[in-house]
Asker: 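Below is the structure I would like to discuss, written out as structure tokens.
Counting from 1, the numbers follow the sequence of the chain as shown. Read the numbers this way: they start at 1 and go in the same order the structure lists the ligands and their atoms. Given the structure is predicted, the values throughout are model-derived calculations rather than measurements.
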Amino acid sequence: AADLAMYQVKQSGRSNYQFYTTELDERAELAHMLEVKLRTALRDGGLRLHYQPVVDLKSGKLVGAEALVRMEDKEGAAIGPDKFIPVAEATGLIADLGEWVAAEACRQHDAWLREGLSATIAINVSPLQFKQASFTDKLAGIIAGSGIDPSCLEIEVTESAVMENVTEAIEILQRIKSLGVKVALDDFGTGYSSLSSLSTLPLDKLKVDQSFVRRLERDPASRAVTEAIITLGQRLGLDVHGEGIESESTLRYLAAQGCDQAQGYWFSRPLPPEEFARWVREKGLRDRVMARG
Ligand code: C2E
Ligand code: MG
Ligand code: MG
Ligand code: MG
């Protein structure tokens, strides 16, 4: 009987294992396919940055853009970063990708400046890249090589990346800030910040996570969290930035609460560089873009 029980355990163990591996195989295959695509894209120039306008809520004017990476398929369809950034992190390709993003954003900033378009550009830095010892040096090299005014460049790092090891994060942030670059805490409100740690971080900006912003109109709890973040940011002397603004009423609410900047589909989706420049020209850089949507 003992043998039989053992046999049954082995049998079910094996079939579980098989079930499990099929699913894992599929996931591994997908990840592998994305890795190959990403390597090819990095080599052959298949990556693009799209830019989403950032609007100052007091003046109603465009102040900057967030650069968001896209990978182009052979057919020209774009693959979003939520799919390939995790693969880039798992394979170590994130370092090359991050360097490309920083260099391309600086290049674009310079090209726009020559056209008379001046906008601060924010780039996203993955938690892994943020912790790589070589990151700050590479960033310094890219900035020096491009001639960009470093105060026109902003680094976005997620709250969770920073809070994982606050002491280490402070050192890295200080090095980044010593380059003259601005630093924003992205997706704020979801990463279990220690509030006392937050006050010790050398930051310029908090970006209120979209999950709160998008629920502002129907969810009192999201309003409570958003208002608390705005007050906290103000008291710490930081800019507060709302992302994921999809309606005029959300925009008005955030402006009334004293939120400094905003971005979202209400203004514009992230756009390829040519379309971004056209958007700015059409809206008029000196005009109020705020209430027009
Ligand atoms: P994120 O930095 O929080 O960027 C905001 C995301 O929200 C973008 O998605 C943007 O397209 C989207 N979004 C903006 N406004 C709205 C809105 O009103 N409604 C809705 N539903 N969505 C809105 P995207 O471009 O797919 O990027 C997703 C995430 O991928 C980013 O989140 C960021 O964490 C990461 N990412 C993007 N580009 C890069 C990059 O160059 N490097 C790294 N390491 N990560 C990146
Ligand atoms: Mg971001
Ligand atoms: Mg965000
Ligand atoms: Mg995010």
Asker: Which atoms from ligand 1 have a heavy atom of P270 less than 4.0 Å away?
Answerer: 11 (O)
Asker: Describe, in one word, how the ring planes of Y51 and W112 are oriented to each other, choosing from parallel (under 30°), tilted (30 to 60°) and perpendicular (over 60°).
Answerer: perpendicular
Asker: Salt bridge check, E66 against K207: does any charged N sit closer than 4.0 Å to a carboxylate O?
Answerer: yes
Asker: Assess whether a salt bridge exists between E275 and R278, defined as any Lys/Arg side-chain N lying under 4.0 Å from an Asp/Glu carboxylate O.
Answerer: no
Asker: With clusters defined by side-chain heavy atoms of hydrophobic residues (ILVMFWY) lying less than 4.5 Å apart, directly or transitively, does L232 cluster with F212?
Answerer: yes
Asker: Number the atoms of ligand 1 from 1 as they appear, then name those within less than 4.0 Å of a heavy atom of D187, with their elements.
Answerer: 3 (O)
Asker: Using the Mg ion (ligand 3) as the apex, give the angle to atoms OD1 (D187) and OD1 (D186), rounded to 10 degrees.
Answerer: 90°
Asker: With atoms numbered from 1 as shown, which atoms in ligand 1 lie under 4.0 angstrom from a non-hydrogen atom of G264?
Answerer: 15 (N), 18 (O)
Asker: If you count the atoms of ligand 1 from 1 in the order shown, which ones are under 4.0 Å from a heavy atom of D82?
Answerer: 28 (C), 29 (C), 30 (O)
Asker: Give the atom name of whichever N/O/S atom in E156 sits closest to the Mg ion (ligand 2).
Answerer: OE1
Asker: Could you check whether atom NZ of K182 has more than 12 heavy atoms from other residues, nucleotides or ligands sitting under 6.0 Å from it?
Answerer: no
Asker: Which is closest to atom 15 (N) of ligand 1 in terms of heavy atoms, Q52, H50, Q210?
Answerer: Q52
Asker: Could you check E89, E171, E168, E164 and say which one makes a salt bridge (charged side-chain N to carboxylate O under 4.0 Å, His left out) with K131?
Answerer: E164
Asker: Of all the N, O or S atoms in E243, which one sits nearest to the Mg ion (ligand 3)?
Answerer: OE2
Asker: Counting only heavy atoms, tell me which of T250, I85, D186, L128 gets closest to atom 43 (C) of ligand 1.
Answerer: I85
Asker: Mind checking whether V54 and I123 sit in one hydrophobic cluster, side chains of I, L, V, M, F, W, Y counted as touching below 4.5 Å?
Answerer: no
Asker: Which option out of E243, E246, K83 puts a heavy atom nearest to atom 21 (N) of ligand 1?
Answerer: E246
Asker: Looking at non-hydrogen atoms alone, which of F130, W266, Y265 comes nearest to atom 23 (C) of ligand 1?
Answerer: Y265
Asker: At a 4.0 Å threshold, what atoms of ligand 1 neighbour a non-hydrogen atom of I245?
Answerer: 18 (O)
Asker: So, regarding P81 and ligand 1 (criterion: nitrogen or oxygen to nitrogen or oxygen, under 3.5 Å), is there a contact or not?
Answerer: no
Asker: What I want to check is whether the side chains of Q132 and K138 have a donor and an acceptor closer together than 3.5 Å.
Answerer: no
Asker: Does Q263, backbone or side chain, put an N or O under 3.5 Å from an N or O of ligand 1?
Answerer: no
Asker: Looking at non-hydrogen atoms alone, which of V101, D209, L68 comes nearest to atom 41 (O) of ligand 1?
Answerer: V101
Asker: Out of the N/O/S atoms in E66, what is the name of the one closest to the Mg ion (ligand 2)?
Answerer: OE2
Asker: Check contact between R269 and ligand 1, using heavy atoms of the residue and a distance below 4.0 angstrom.
Answerer: no
Asker: Report yes or no: do S59 and D56 form a side-chain donor-acceptor pair below 3.5 Å?
Answerer: yes
Asker: Decide if atom CD of E115 counts as having more than 12 heavy atoms of other residues, nucleotides or ligands within a radius under 6.0 Å.
Answerer: yes
Asker: Side chain, backbone, both or neither: which applies to R70 and ligand 1 if a contact is any heavy-atom pair less than 4.0 Å apart?
Answerer: side chain
Asker: Counting each atom of ligand 1 from 1 as listed, which ones have a heavy atom of S126 under 4.0 Å away?
Answerer: 44 (N)
Asker: Indicate whether the side chain of S249 and that of E217 have a donor and an acceptor atom separated by less than 3.5 Å.
Answerer: yes
Asker: Does K177 pair with D204 as a salt bridge, N-O distance under 4.0 Å?
Answerer: yes
